[in-house]
Amino acid sequence: MTMAMPGAITRARPAASLRTRRVKKFLSYYRPYRLWLAADLAASCLIASTTLALPICTNLITRHLAMGTAASGAIATLGGVMIGLVALQALCTAFVDYQGHIVGARMEGDMRAELFAHYQKLSFAFYDRQRVGQLMARLTVDPLSLGELYHHGPEDIVIAAIKFAGALAILFWLDAALAAAILAVLPPIAVYAFHYNRRMNRALRGARDRVGDINAQVEDTLSGIRVVQAFANEALETGKFAAANMRFLESRRDGYRAEALFYTGMTAFTQLITVGVIVFGALAILNRAMSLADLLTFVLCVAILIDPIQRMVNLARLYQDGATGFSRFAEMLEIAPDILDAPHAHDWSPGGGAIAFDNVSFRYRDDTPHVVEHFSLAIAAGETVALVGASGAGKTTLCALIPRFYETGAGEIRIDGTPIRDIQLASLRRHIGIVQQDTYLFAGTIAQNLRYGRPDASDDELVAAAKNAQAHDFITALPNGYDTEIGQRGVTLSGGQKQRLAIARVFLRDPPILILDEATSALDNESEAAVQRALQRLARGRTTLIIAHRLSTIRHAGRILVLGEQGIVEEGRHDDLLAAGGAYARLYAAQRMA
Ligand code: ADP
Ligand code: MG
């Protein structure tokens, strides 16, 4: 086991044991459904056995007919038996079709649930490098191919084995020479079948990848549709799409060609064998070496004999798809979450929430330069500190280190003297409120979004938080007040309104520590004033770290820090810093010019 390195995504474990571990993992999903699987397999056995019993009954009837010993009573009895067999087979088939699929679907569901839980444990560093579309595909599409494999796999193997062995046994029992001749032509058929099936699958997989390309293309165009239209570049986008669309068509053409050859070939082979059996059987009957009854049974059994080949070919496809899907799925699961609770981490409630950075260094990746280097800063409990500096100086990065969204490389961050690594993540994050420039609101009502801060908040608390955040008035003016749907299917809120909802959410949570990262930068002056008032109220009595783009908004901060290339280059109150005529004064002058 390798240790999870801070900031790195570890893909641990040596390759040799990887395969066994994955196979074990693959099989582990069967565990809760062992009994259902057993029933499914028993039913599969019955399906195969009844299929074989039918030609035997046919043989018995026709034999009696041919020998003139048939009595209507015996025929009626055999007919009854056959009807019973058909009924049993129908029941079993229905059971396998329904229950088998359900078990497969449940196992699929288990896999999805596991991956979803895993996704939530992965850190910002992971999500920095992933595309949401890909992550969704791992969760939705990949398990889909496995659900089929999980139940069809065992079923098909059982059915194919019994049918093949049974049909062969019947054929040999009836006429060993003819049976041997049929057996001899099966390998080339199997080779043909697997060959074209593989080509078909390759093309199918190609087509699926092309669908992925189309999706990515469409996602890109639609996400940027405002830019597309602003630049009047619709023709350009249409051209890009047409190219992806054409490649998709090409890959499907290959698939259909192979598919046509596969199915035509399989049908032709089956028919040729039947023709051969009829011709040679007829000759044998002429020579009194075979009875008409046996010939009929032979013809029936040939079809049963070919079926396992089709099944195994089908299974090979499921297996290939499933194996690819499973390794992609497992790869995701094997990514160890890099930010975890330390074994000794404890639940924690802070005092005032004093924050100390002690010689902290951090870089996003091992191959990029440090964003934060030997950084030290102490913020007293209840103090408001403003952080300013050029864009890219590392202000957001510093903020992200406090709730451990990223792990510091060297040095330590402490809250009220406790190193944050010794605190349970959930407990740490519960005590830190963050308001950023882009606010994310979930699909749902306003009330639901506010309660994201504290699910058990009462209606009164909800309204109080909204009032504190200067949001109550605009909420009550909406058509359904607090029950107004927002997001994709609901009303569209302005940037300032969304921001005030985000602030109300933090009010409800009531954390001792507050991080405001350019919370008002995207707002126009009017909404900024309202949000600013809300933020000031929110900051009262909390340890607050404000990052502000517009320096006018932090004039009143108790302490202003100017972050430069080498860490903090200046520190003081607004007026003092202006008088000093340093970096802050230059930043301020630059903004007044603009
Ligand atoms: P600020 O908030 O002061 O504008 P940031 O903290 O956002 O600056 O960024 C500091 C530096 O870190 C920049 O050079 C930026 O490119 C880099 N950076 C920010 N976020 C990431 C990330 N998720 N992955 C890699 N590099 C990043
Ligand atoms: Mg920033």
Side-chain angles (χ1 to χ4, degrees), residues 44 47-49 51-52 54-56 58-59 148-149 152-207 251-287 289-290 292 294-324:
S44 302
I47 293 174
S49 318
T51 310
L52 290 169
L54 286 172
I56 295 178
T58 314
N59 188 264
E148 287 290 294
L149 176 62
H152 279 310
E155 283 163 12
D156 280 350
I157 289 175
V158 165
I159 294 182
I162 295 180
K163 276 193 181 175
F164 190 76
L168 214 55
I170 296 174
L171 291 184
F172 271 98
W173 168 57
L174 294 174
D175 189 317
L178 196 51
I182 293 175
L183 193 58
V185 300
L186 287 186
I189 297 182
V191 169
Y192 178 91
F194 278 95
H195 173 70
Y196 280 101
N197 195 260
R198 194 161 52 230
R199 277 184 45 176
M200 194 162 94
N201 294 333
R202 202 178 311 138
L204 274 179
R205 257 197 304 281
S251 62
R252 285 181 47 189
R253 195 199 304 280
D254 295 344
Y256 288 135
R257 197 177 297 126
E259 191 177 316
L261 282 168
F262 173 72
Y263 285 108
T264 315
M266 290 310 284
T267 314
F269 279 128
T270 315
Q271 284 174 335
L272 280 179
I273 294 182
T274 312
V275 169
V277 165
I278 290 175
V279 171
F280 283 101
L283 290 176
I285 292 175
L286 272 184
N287 295 332
M290 195 191 228
L292 195 56
D294 288 357
L295 179 58
L296 181 61
T297 314
F298 234 97
V299 171
L300 290 176
C301 281
V302 164
I304 300 180
L305 197 64
I306 299 292
D307 174 74
I309 296 184
Q310 299 240 25
R311 260 178 211 272
M312 293 324 284
V313 165
N314 188 34
L315 184 59
R317 179 178 61 78
L318 280 182
Y319 176 76
Q320 278 179 349
D321 273 6
T324 322

(message) Working note: N314 + R311, criterion side-chain hydrogen bond (donor to acceptor under 3.5 Å, both in side chains); need CA distance, chi angles, decisive distance, verdict.
(response) CA-CA 5 Å; N314 188 34; R311 260 178 211 272; over 6 Å; no
(request) Take I47 and E155 through the side-chain contact (heavy atoms from CB on, under 4.5 Å) test and state the conclusion after the steps. (result) CA-CA 10 Å; I47 293 174; E155 283 163 12; over 6 Å; no
(request) Decide yes or no for T297 and I56: does some side-chain heavy atom of the first lie under 4.5 Å from some side-chain heavy atom of the second? (result) no
(request) Take I309 and F269 through the test side-chain contact (heavy atoms from CB on, under 4.5 Å) and record every step on the way to the result. (result) CA-CA 12 Å; I309 296 184; F269 279 128; over 6 Å; no
(request) Check the pair D321, L149 against side-chain contact (heavy atoms from CB on, under 4.5 Å), reporting the backbone distance first and the verdict last. (result) CA-CA 8 Å; D321 273 6; L149 176 62; over 6 Å; no
(message) How close do A167 and L305 get, counting heavy atoms only, and between which atoms?
(response) CB-CD1, 3.9 Å
(message) Contact between L261 and M200 at the side-chain level, heavy atoms closer than 4.5 Å - yes or no?
(response) no
(message) Distance check, rounded to the nearest 0.5 Å: L178 atom CG versus D294 atom CG?
(response) 10.5 Å
(message) Test salt bridge (charged side-chain N to carboxylate O under 4.0 Å, His left out) on D254 and R199; report intermediate values, then the result.
(response) CA-CA 8 Å; D254 295 344; R199 277 184 45 176; over 6 Å; no
(message) Distance check, rounded to the nearest 0.5 Å: D307 atom CG versus I304 atom CD1?
(response) 8.5 Å
(message) For A179 versus F298, what's the shortest heavy-atom pair and its separation?
(response) N-CZ, 3.9 Å
(request) Start with the C-alpha gap between N59 and L174, add the side-chain angles, then the distance that decides, and say whether side-chain contact (heavy atoms from CB on, under 4.5 Å) holds. (result) CA-CA 10 Å; N59 188 264; L174 294 174; 4.0 Å; yes
(message) Take a 6.0 Å sphere around CZ of F262 and say whether it holds more than 12 heavy atoms from other residues, nucleotides or ligands.
(response) yes
(request) Would you name the heavy atoms of Y196 and A258 that are closest together and state the gap between them? (result) O-CB, 4.0 Å
(request) For residues I170 and C301, report the shortest heavy-atom separation together with the two atoms involved. (result) CG2-SG, 3.7 Å
(request) Looking only at non-hydrogen atoms, find the nearest pair between K163 and A48 and report the distance. (result) CG-CB, 4.0 Å
(request) Could you tell me the separation between the CG atom of D156 and the CG atom of L315, rounded to the nearest 0.5 Å? (result) 5.5 Å
(message) With rounding to the nearest 0.5 angstrom, report the OG1 to CD1 distance, T274 to I182.
(response) 8.5 Å
(request) Over all heavy atoms of both residues, which pair between A282 and L295 is shortest? Give the atoms and the distance, please. (result) N-CD2, 4.2 Å
(message) Do L296 and L292 have side chains that approach each other closer than 4.5 Å (heavy atoms only, starting at C-beta)?
(response) no
(request) Using a cut-off of 6.0 Å, state whether more than 12 heavy atoms not belonging to F194 lie near its atom CZ. (result) yes
(request) For the pair N201 (side chain) and N197 (backbone), establish whether a donor and an acceptor sit closer than 3.5 Å, ignoring hydrogens and angles. (result) yes
(message) Is the shortest side-chain heavy-atom distance between V185 and I273 below 4.5 Å?
(response) yes
